[in-house]
Structure formats: structure tokens, C-alpha cells
Amino acid sequence: MKQDLRAKFADKNRGVYLVGTCPPKDGTSAEQASEIATKLLARLGQIDYDGLVVYDIQDESSRTDVPRPFPFMRTLDPRMYSKLVREISEHPVITYKSVSQRDREDFSNWLDDAWDQYDVRDMVMVGSPSADGEIKLSLNDAYEVVGDHARDYQLGGVTIAERHAKKGDEHLRLLDKAAKGCEFFVSQAVYNAQATIDMLTSYARECRIRGEEPKRIILTFTPCGSAKTLEFMEWLGISVPEGSRWRILDSANPLMESIRICRSNLEQILDAVIDLDLPLGLNIESLTNRKDEIDASIRLYKLLKATMDLRLAEKQL
């Protein structure tokens, strides 16, 4: 097994580089799931990455009145798929977990099984997408359950720059989640560079004021190859500035244009925050299962990793 993520996260002079993926749809056989994972990891064989992220896909329709651009499909248990890709790739895996559907006891049992049966060690917890509907366990209560649990999970949280742009308090959320046990954060997909810069700058400044060490922030990027994918991104709450929107939609090659935009956004972010001593990382995902967008995510990964590695190396001079 490759060096665990806890050790890599602790080295603040290096970036951490991840690839995000979703489990296959519910009902997929074990043999088919293995084939899907093997195909994915064969694609990733051409890049140098530290680990994978396996998402827990939820029906977020309660969050908005706008119809979902792509139909929601339940997936296999993320713990199962995490174990599968970990065994095939021999890389660490961060497993997402939506906590609102279980009460405290059920969630504690879930944590036991995740550790003992599925070898989950790194986890990101997410709460309910909205306050509507039945919430059996709040995110704050879930942090308490993990804190009281016997297993030593490395716990991560989600950060959303768009929320900071609206409310101006995402940096305080990060500090609160860190106090409750979060050792790292994974962002929502970045298309609004300024919103991300504002959030990161506020977080670094507040950490400095409080005399606290900032946690690692892993910035997520994704390619966009069609109007439908763009519609889905915006439905998910990803802020896409108007100029970027038209650059993608009016381009003869939307995928390549979106990659250029992502590189420019990362460069802008690094220009603004590289001297703030924030430990950073990248998580590259494809929001659809379209082959061209998955292939584009590999190209995007290579470009953005090279960009961040170069800037971090220059910082050491």
C-alpha cells in the first residue's frame, strides 16, 4: 500500500493530489463493479496520484425547485467500492458519507463496519442537502459520534466557496469543523476563482489571528464538455461566472476551453494565496460518465498538478 494520506497531509511543503469518482449504480454485480474499477484505474495508470475520493451520491432535489438535469440513480455502497478500488490500485481512498439518514446508534454501527469490513480509514462526512425532510442525525451530532468512537478515522469536511460569497462565514465554518475533528477539507468544484480566493484568504487570516495552524484545503476541479454538464454544475450550486459560461458554450471545443479556464482559475488562486502558508491539494473529478469528459479529467489532472507542483517548488527557492 502507498504511504497513507495522514502522513502526506502532514507534509505542508507538498501538494496532495486526488482523483474523485462515484460508485457504479445500485444493482451492479460484484464482477461488473470490478470491471468498472479496473477500467478506471487503467486510465489512472498514466498519472501519479496520491489517492482516490469515492463519493456518496444523494438525491439533492430537496435543495432546489429546479428539476435535476440528470436523473438521480442510487449507487452501490461507497464503502464497498472504496475497498474495491483500494485493493486494485493499492492507493488510499477517502470515502464520503452522508450522515442524515441514520440515528446515532446506526451511525456508530456503520463506523464499526466501515473500519472492520471495508478498511475505511479516511472519511468525509456531509450533512443533509437541505433542512427539509427527515434528518435523523445532524452533521454536528455525527462529529460527536466520530469523536466518541473507538476507531481513529482521519476525518475531513466539505467547503463551499459559493456559501462564503453569500454569507461571508465559510472560514468560520472551517475553524468550527476543525475544532470538531476535521483534519482536511475538500472543496466543491471551482469555477469562480475570486470566491475561492476570498474564502481561503479569510481562512488563513483568521487562523493567523487565532494562532491556529490551517488545515489542508483540497481544491476540486472538473472539466465541462457540454451545455448539459454546465446545467448540471449550476444545479449542484457551482458558481460559473458569465464570461466563463459563454467561453465554454461558444467554443468549438468546450472541453479544452473548460480545461483552460480551470488552469487559469488555479493560477489566479495560487497567485493570491501561495504566500499564506495554506497546505493545498487538488481533487480532479468528472461529473458525468461520458468518455470524453473522463478522458479530459485526466488531461486536466496532469496540467493542474504540474501547475501546483511548479508553484510550490518556486516557493521553496
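Side chains are part of it too, since the values below use all heavy atoms of this structure and drop only hydrogens, waters and symmetry mates.
Open room surrounds CD on E105; 12 or fewer heavy atoms of other groups in view lie less than 6.0 Å from it. The number of heavy atoms from other shown groups lying within 6.0 Å of CG (N289) does not exceed 12. Within a 6.0 Å sphere centred on CZ of R205, other residues, nucleotides and ligands contribute 12 heavy atoms or fewer.
If you run side chain to side chain contact (heavy atoms under 4.5 Å, CB included) between E285 and each of F221, Y301, Y55, only Y55 comes through.
Between the side chains of S82 and T95, at least one donor-acceptor pair of N or O atoms lies under 3.5 Å. Between the side chains of S297 and E293, no donor N or O sits under 3.5 Å from an acceptor N or O. Checked by atom type, the side-chain pair T307/E267 shows no donor-acceptor distance below 3.5 Å. A donor-acceptor contact closer than 3.5 angstrom links the side chains of D198 and Q194. For Q117 and K83, the side-chain atoms include no donor-acceptor pair closer than 3.5 Å.
At a threshold of 4.0 Å, the pair K167-D169 does not count as salt-bridged, since none of the basic side-chain nitrogens sits closer than that to a carboxylate oxygen. A salt bridge is absent between E183 and R6; no separation between the charged side-chain nitrogens and carboxylate oxygens falls under 4.0 Å. With salt bridges taken as basic N to acidic carboxylate O contacts below 4.0 Å, none links D277 and K12. Between R173 and E170 a salt bridge is recorded (basic side-chain N to carboxylate O distance below 4.0 Å). D11 has no carboxylate O lying under 4.0 Å from a charged side-chain N of R216, or vice versa, which leaves the two without a salt bridge.
Closest approach of P223 to S258, counting heavy atoms only: CA-OG, 3.6 Å. Considering every non-hydrogen atom in both I298 and Q46, the closest pair reads CG2-CD, 3.7 Å.
Taking the six-membered ring where the residue is Trp, H149 and Y153 present tilted rings, their angle falling between 30° and 60°.
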